[in-house]
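To start, the structure itself, in structure tokens.
Bear in mind that the values here come from a model prediction, so they are computed numbers and not experimental data.
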Amino acid sequence: MAVKQTAGRDALGEFAPEFAHFNDDILFGENWNNEDIDLKTRSLITVTALIAQGMTDSSLKYHILNAKNYGVSRKEMAAVITHVAFYAGWPKAWAAFRLAKEVYETETEWLDPVTDQECDELEG
């Protein structure tokens, strides 16, 4: 499965075309499609990095959903967040669990990382 992203161009293509290129072609193109790490592992690494930074917004929700779609089970996600809590902070884990619980309790697939509309729909 190849990862193809257009969020950068969709949101910033005219305003910041170079950033859009780096986002879509390099980060989500070359990096996410590098087969040295499988997509499931790459997703868990991304979720961990976002939690560690305290990014508990729609970007974390997007990457938790990606992880789910790449085969990360609810049990695995809970174990990863629990493990990260000891290194990144308990409050960050609580915030991540809130998002993960929403993602794993819905049937939603593949969010657009540019808009919060789908994330808002998950929040009900």
Straight-line distance of [X] [atom1] to [Y] [atom2], nearest 0.5 Å:
X: I51; Y: Y87; atom1: CD1; atom2: OH; result: 14.5 Å
X: L44; Y: L39; atom1: CG; atom2: CG; result: 11.0 Å
X: L99; Y: L65; atom1: CG; atom2: CG; result: 11.5 Å
X: Y104; Y: K68; atom1: OH; atom2: NZ; result: 7.0 Å
X: T48; Y: L60; atom1: OG1; atom2: CG; result: 9.5 Å
X: D57; Y: M55; atom1: CG; atom2: CE; result: 4.0 Å

task = Mind running side-chain contact (heavy atoms from CB on, under 4.5 Å) on H83 and V80 for me, showing each step along the way?
result = CA-CA 5 Å; H83 184 76; V80 166; 5.7 Å; no
Contact summary for [X] and [Y], nearest pair of heavy atoms:
X: A7; Y: D24; value: N-OD1, 3.6 Å
X: F97; Y: A78; value: CZ-O, 3.5 Å
X: M77; Y: V72; value: N-CG1, 3.8 Å
X: T56; Y: R98; value: O-NH2, 4.4 Å

Are [X] and [Y] close enough that some pair of their side-chain heavy atoms sits under 4.5 Å apart?
X: W32; Y: S43; value: yes
X: D38; Y: Y70; value: no
X: R42; Y: N34; value: yes

request  = Could you tell me whether a side-chain N or O of E76 sits under 3.5 Å from a main-chain N or O of S73, the two making a donor and an acceptor?
outcome  = yes
query = Taking the side chain from K92 and the backbone from A52, do they hold a donor-acceptor pair closer than 3.5 Å?
reply =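 Yes; at least one donor-acceptor contact below 3.5 Å.
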query = Is it the case that one hydrophobic cluster holds both F22 and F15, taking links as side-chain heavy atoms less than 4.5 Å apart, direct or via other members?
reply = no
inquiry  = Between L27 and L12, is there shared hydrophobic-cluster membership here, with clusters defined by ILVMFWY side-chain heavy atoms closer than 4.5 Å?
reply    = no
inquiry  = Any carboxylate oxygen within less than 4.0 angstrom of a Lys/Arg side-chain nitrogen, looking at R9 and D25?
reply    = yes
inquiry  = Can you tell me how the ring of F28 sits relative to the ring of Y62, calling it parallel under 30°, perpendicular over 60° and tilted otherwise?
reply    =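 Correct class here is perpendicular.
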